[in-house]
Amino acid sequence: MNTLLTSATKPDSTEDLIVRLLKNLGSRKEVEQYLKLFSSVEEKRFAVIKVSGGVVENELEALASSIAFLDKVGLTPVVIHGAGPQLQAAENAAGLTTTKTPEGGRVVTEESIALARKVYQRENLRIVGALEALGTRARPIPNGAFVAERSDDGRLGFVGRVTGVDLDAIEASIQAEQIPVLSSLAETRSGQVLNVNADAAAHKLALALQPFKVVFLSPDDGIRDEHGQIISAVNLDEDFDSLMAQPWLSASTKNKLVEIRGILQALPRSSSVAVASPENLARELFTHKGAGTLIRLGERIRCHNDLSQIDLPRLRALLEDSFGRKLHADYFDKKPFYRIYLADSYRAVAILTLEQGFPYLDKFAVTTEAQGDGVGGSLWQRLAKENDRLFWRARIDNEVNPWYFARSTGSYKSEKWLVFWYGLERFDDIQRCVDMALAMPASLKAHSVGAQS
Ligand code: ARG
């Protein structure tokens with residue numbers, strides 16, 4: 001029922017909502033393409049959306065709009081929310097003091113689990129109410145979906161570890177075309193309510209549903225780098241170790257990455273995780289560029305020092321497809337290669353030669369599809385990490401040039417070429433490299449689509 005772009009009969013408020021959300025999006029074609037993709041899996045497998053308590057507290061309206069939007073376009077996500085800040089406030093108001101075990105674990109007493117039940121129910125109903133107010137049917141599932149055992153032999157009181165997920169209520173809700181809204185409360189086999197970590201519950205829910213997307217809605221729009229910029233895409237196979245080693249990444253984000261990797265390892269490789277804010281969720285899901293952080297297991301990029309382990313016809317096809325031109329027949333025989341960085345899927349490659357001792361980027365090719373996945377970015381990062389200096393050239397009308405400008409420390413423009421470099425300090429080194437780059441014979445046959453030669 002994808003009525004997104006055709007419905008003329010919906011009430012004004014719904015139209016307004018869709019128009020408002022679509023305004024910030026990319027092209028209609030892009031939206032339709034993703035809509036088709038997300039509708040291609042079984043309904044209950046579209047997405048699990050984890051909403052932090054802070055978002056429910058501060059961004060309820062945006063949250064409801066973004067979920068109502070999905071509903072209007074015919075998608076039914078499964079929503080699970082936390083309520084950490086609300087519970088803390090309620091405990092403070094009730095004068096409950098927090099007790100900890102000697103190891104620092106927070107003990108949940110009988111009073112606080114009773115309170116948690118009330119608070120979760122209240123927050124759950126706020127979400128459901130906000131959705132219903134926008135004409136989106138939603139069903140509260142405040143408990144019963146998560147089965148848990150007491151953690152730590154009960155020393156933490158009423159705290160649980162999720163051991164299973166009962167999908168009955170969720171499936172019934174989806175069947176009835178109502179968005180299931182779950183709280184992160186669990187029950188033991190005998191019905192004792194236990195508090196569980198909301199991320200851990202979302203994790204278990206994802207394993208049970210095997211969704212195409214797992215979305216973490218948080219007030220920050222995504223995962224941010226050392227400069228506070230959103231990291232658009234993370235390719236875990238390639239980026240995980242280096243991210244975990246970064247001093248600027250907070251311990252809680254690192255934990256989150258470990259958790260996310262665990263989730264993705266248990267899902268089909270086509271599944272992905274998005275970290276976004278309610279405001280930018282539609283843009284994240286329905287445009288190529290996205291707006292938050294897209295995390296996938298991704299793929300390994302291998303560095304080869306020669307051609308012996310490479311499937312040459314496949315590599316040739318990648319180069320010719322992405323440049324839209326034929327490679328000279330003898331391209332692979334002409335000169336020794338220095339390093340070839342190749343993605344396992346043959347969707348991205350960087351080919352380096354050594355020119356008078358200077359690493360030269362002879363080819364950099366990424367398929368359009370892999371660009372959206374962030375493979376090109378990962379490939380560049382790897383390249384830059386392992387080569388402390390580099391020079392390359394591109395035709396002056398190459399659309400990738402802005403991207404190259406951002407990754408170089410200097411450039412030189414001739415009539416036909418832009419020569420870029422980084423890591424070169426001395427003037428004569430730069431001059432030598434520029435001269436060599438300009439004198440390089442073409443390796444792609446004529447008929448240009450403006451790609452590197
Ligand atoms: N809309 C696509 C998806 O959800 C691509 C999103 C890209 N997002 C990003 N942050 N790079 O799969």
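All ligand and atom numbering here is 1-based and tracks the order in the structure. From a predicted model like this one, the values you see are computed outputs, not experimental measurements.
- Checked by distance only, ligand 1 and L285 come closer than 3.5 Å through their nitrogen or oxygen atoms.
- The one candidate from W392, F391, Y422 that meets the ring pair (Phe, Tyr, Trp, His ring centres under 6.0 Å) condition with Y404 is W392.
- Taking the six-membered ring for Trp and the full ring otherwise, the centers of H304 and F337 sit at least 6.0 Å from each other.
- Residue contact check: G290 has heavy atoms under 4.0 Å from atoms 7 (C), 8 (N), 9 (C) of ligand 1.
- Ligand-side atoms of ligand 1 in range of T287: 1 (N), 2 (C), 5 (C), 6 (C), range being under 4.0 angstrom from any heavy atom.
- Ligand-side atoms of ligand 1 in range of S232: 9 (C), 10 (N), 11 (N), range being under 4.0 angstrom from any heavy atom.
- The aromatic rings of F46 and F38 are tilted relative to each other, their planes meeting at an angle between 30° and 60°.
- In summary, the atoms of ligand 1 found under 4.0 Å from a heavy atom of H288, numbered by their order in the structure, are 5 (C), 6 (C), 7 (C).
- Among E30, R296, K213, E284, the residue whose heavy atom lies closest to atom 12 (O) of ligand 1 is K213.
- With rounding to the nearest 0.5 angstrom, the CZ atom of R393 is 11.5 Å from the CG atom of L361.
- Atoms of ligand 1 found under 4.0 Å from any heavy atom of G292, numbered from 1 in the order shown, are 10 (N).
- Looking only at side-chain heavy atoms (C-beta outward), I295 and I223 come within less than 4.5 Å of each other.
- Under the ring pair (Phe, Tyr, Trp, His ring centres under 6.0 Å) rule, F364 has a single partner from Y341, W403, F323, which is W403.
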